[in-house]
**Student:** 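The structure's right below; bear with me while I get my questions together.
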Number of protein chains: 2
Amino acid sequence: MFNQLGVIGCGLMGGSFALALKRAGLVKRVIGYSKSPSTTEKAKRLGVIDMAAESALLAVSGSDVVLISVPVAASEATFKAIRHLVEPGVLFMDVGSTKRDVVDAARRALKDRVESFVPAHPIAGKEVSGVENADPLLYSGRQVILTPLPQTDPKLLQKATDVWAAIGAQVLKMSPENHDAAFAAVSHLPHLLAFAYFSSIHKQPAGKDFLSLAGPGFRDFTRIAASDPAIWRDILLANKEEILKQSMRFRHTLDALEHVMKSGNAEALEDLIRSAADARSGWQMSTPKPTPGR
Amino acid sequence: MFNQLGVIGCGLMGGSFALALKRAGLVKRVIGYSKSPSTTEKAKRLGVIDMAAESALLAVSGSDVVLISVPVAASEATFKAIRHLVEPGVLFMDVGSTKRDVVDAARRALKDRVESFVPAHPIAGKEVSGVENADPLLYSGRQVILTPLPQTDPKLLQKATDVWAAIGAQVLKMSPENHDAAFAAVSHLPHLLAFAYFSSIHKQPAGKDFLSLAGPGFRDFTRIAASDPAIWRDILLANKEEILKQSMRFRHTLDALEHVMKSGNAEALEDLIRSAADARSGWQMSTPKPTPGR
């Protein structure tokens with residue numbers, strides 16, 4: 001399907017995409033660039049990329065598909081660094097967890113060349129980062145959200161859809177605005193709450209003793225608090241309006257629960273808990289059918 | 001080790017204890033009582049108990065070990081119902097997630113017979129309840145906290161320690177007060193936050209759409225929001241002072257994070273996230289060595 005994949009940012013997400021395309025036989029060779037030369041070197045040593053590029057621009061040169069997998073705040077600088085080689089017919093995608101800011105950065109930096117950019121957000125990740133954790137199955141069975149612009153080249157949008165589907169992901173399309181509102185609710189706020197909760201336990205005088213008693217519920221509730229700090233710094237800043245709106249809603253619900261706790265109204269408390277517990281019991285994560293070979 | 005186990009409340013916890021003792025060959029027969037006759041019947045049909053008792057008192061009669069596994073708010077009524085058969089040398093335990101209230105109830109109801117009661121809290125559970133989910137390995141590899149009173153019979157305390165250890169649990173001892181402070185922090189508050197968070201998503205106009213996009217981070221963060229409403233109603237009420245204290249600490253940490261988000265201070269935000277993420281990455285749940293035969 002592709003001759004050369006250029007990966008800008010050889011971390012968990014970029015490395016996993018490279019491995020997935022190789023595994024599916026969708027690409028002949030992979031060229032990679034990372035800000036730190038030792039990362040690029042490691043990616044080559046691990047066989048995630050075939051060639052190391054000395055700049056983002058050189059990773060684009062000769063590629064017919066390019067994945068920009070850098071922290072979202074580095075998107076604009078990356079677009080600027082590669083703009084001269086953003087040519088029609090070459091598919092450019094990102095993997096950012098926020099989309100309005102990335103789309104705005106692409107519009108500013110790429111101008112009319114933005115037609116080659118298909119903004120993408122794969123709903124996948126791990127609490128360990130780095131190319132050493134890259135996994136060809138990271139995207140298999142996961143959703144990928146594409147947020148095309150009015151000027152996005154429809155042929156490239158179709159190519160983007162096909163390549164994600166070919167590595168086992170389920171592709172959805174929505175506007176950058178709807179994307180950011182939805183993910184503030186179901187991803188960004190839980191991360192913020194998990195960071196805040198884990199900190200508040202960890203920092204109190206008896207924190208160490210408390211942590212030694214914590215069980216499986218705590219373990220799962222706080223798993224996302226171990227997520228990559230640089231990635232999440234950028235996400236929390238890029239989408240702060242939507243996240244703060246969701247946080248306000250959350251605080252109101254928490255206030256309501258605490259109010260009935262304080263009043264000792266057992267029946268009202270049970271009703272509030274039951275409505276959450278029933279809805280959560282009935283919820284299931286959307287997953288496409290597994291791809292053959294998984 | 002025991003001739004007869006009496007189980008008062010044949011649910012997930014009581015049923016799993018019965019199965020674990022049977023599996024380890026620690027008990028000759030199990031007699032069970034539940035408020036609902038159909039539950040007792042089901043427990044008998046599933047082989048979790050051998051005999052159905054028609055009252056809590058009858059489940060105690062002839063037993064040399066008794067497990068009271070009822071929602072914590074039902075503890076006092078249960079102690080009152082069985083007080084006449086609470087005799088020296090018979091081991092009585094509970095499984096409640098709060099300990100001060102259960103200990104107070106036991107003192108009030110049992111008076112000097114309280115010496116036979118060893119308050120216990122196994123750190124184990126599932127997000128599915130009921131005797132049909134009882135599991136002989138539920139307590140294997142888990143911690144069990146005992147919170148003995150000054151008047152607790154040391155021989156029964158030792159027996160309690162031995163029986164939990166024999167089914168694969170690691171036994172810790174602490175005061176009811178320290179227990180409740182610790183579990184407010186690492187268990188009760190996370191449940192409250194998970195109920196509040198899931199509700200706040202579920203109840204908003206676009207909630208259904210948002211939930212269809214949620215991924216593995218959301219799934220794990222909200223797993224405990226599916227916990228049993230009646231059990232958690234009682235826990236949140238019984239330990240509300242400690243939980244509200246912990247909630248206040250959490251809100252202060254959340255305020256601090258939101259403050260740096262609003263100010264756009266990327267460095268300070270990353271520092272706060274990193275301190276949580278590093279600590280969480282370094283944390284591991286305490287688990288005893290698996291018992292032979294697990």
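Chain letters run A, B, ... following the sequence lines, proteins first and then strands; every chain starts at 1. Below, all heavy atoms of this structure are taken into account, side chains as well, without hydrogens, waters or symmetry copies. This one's a predicted model, so the numbers in the text were calculated from it and none came from an experiment.
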**Student:** Under 4.5 Å from any heavy atom of chain A, what part of B:Ser227 do you find: side chain, backbone, both or neither?
**Tutor:** backbone
**Student:** Chain A heavy atoms under 4.5 Å from B:Ile224: which part of the residue, side chain, backbone, both or neither?
**Tutor:** side chain
**Student:** Relative to chain A, which segment of B:Lys203 carries a heavy atom at a distance below 4.5 Å: side chain, backbone, both, or neither?
**Tutor:** side chain
**Student:** Check whether B:Asp255 gets within reach of chain A through its side chain, its backbone, both or neither, counting any heavy atom under 4.5 Å.
**Tutor:** both
**Student:** Can you list the steps and then say if B:Phe250 with A:Leu193 is a side chain to side chain contact (heavy atoms under 4.5 Å, CB included)?
**Tutor:** CA-CA 9 Å; B:Phe250 160 76; A:Leu193 300 180; 3.9 Å; yes
**Student:** Checking heavy atoms, do the side chain of B:Ile243, its backbone, both or neither come under 4.5 Å from chain A?
**Tutor:** side chain
**Student:** Select one option (side chain, backbone, both, neither) describing which atoms of B:Ala194 are under 4.5 Å from chain A's heavy atoms.
**Tutor:** both
**Student:** Given that the side chain runs from C-beta out, which part of B:Leu236 has a heavy atom under 4.5 Å from chain A: side chain, backbone, both or neither?
**Tutor:** both
**Student:** Could you tell me whether the side chain of A:Arg233 and the main chain of B:Ala268 form a donor-acceptor pair under 3.5 Å?
**Tutor:** no
**Student:** Under a 4.5 Å heavy-atom cut-off, does chain A meet the side chain of B:Leu244, its backbone, both or neither?
**Tutor:** side chain
**Student:** Using 4.0 Å as the upper bound for N to carboxylate O, is an ion pair formed by B:Glu258 and A:Arg251?
**Tutor:** yes
**Student:** Which bit of B:Trp232 comes within less than 4.5 Å of chain A, counting heavy atoms only: side chain, backbone, both or neither?
**Tutor:** both
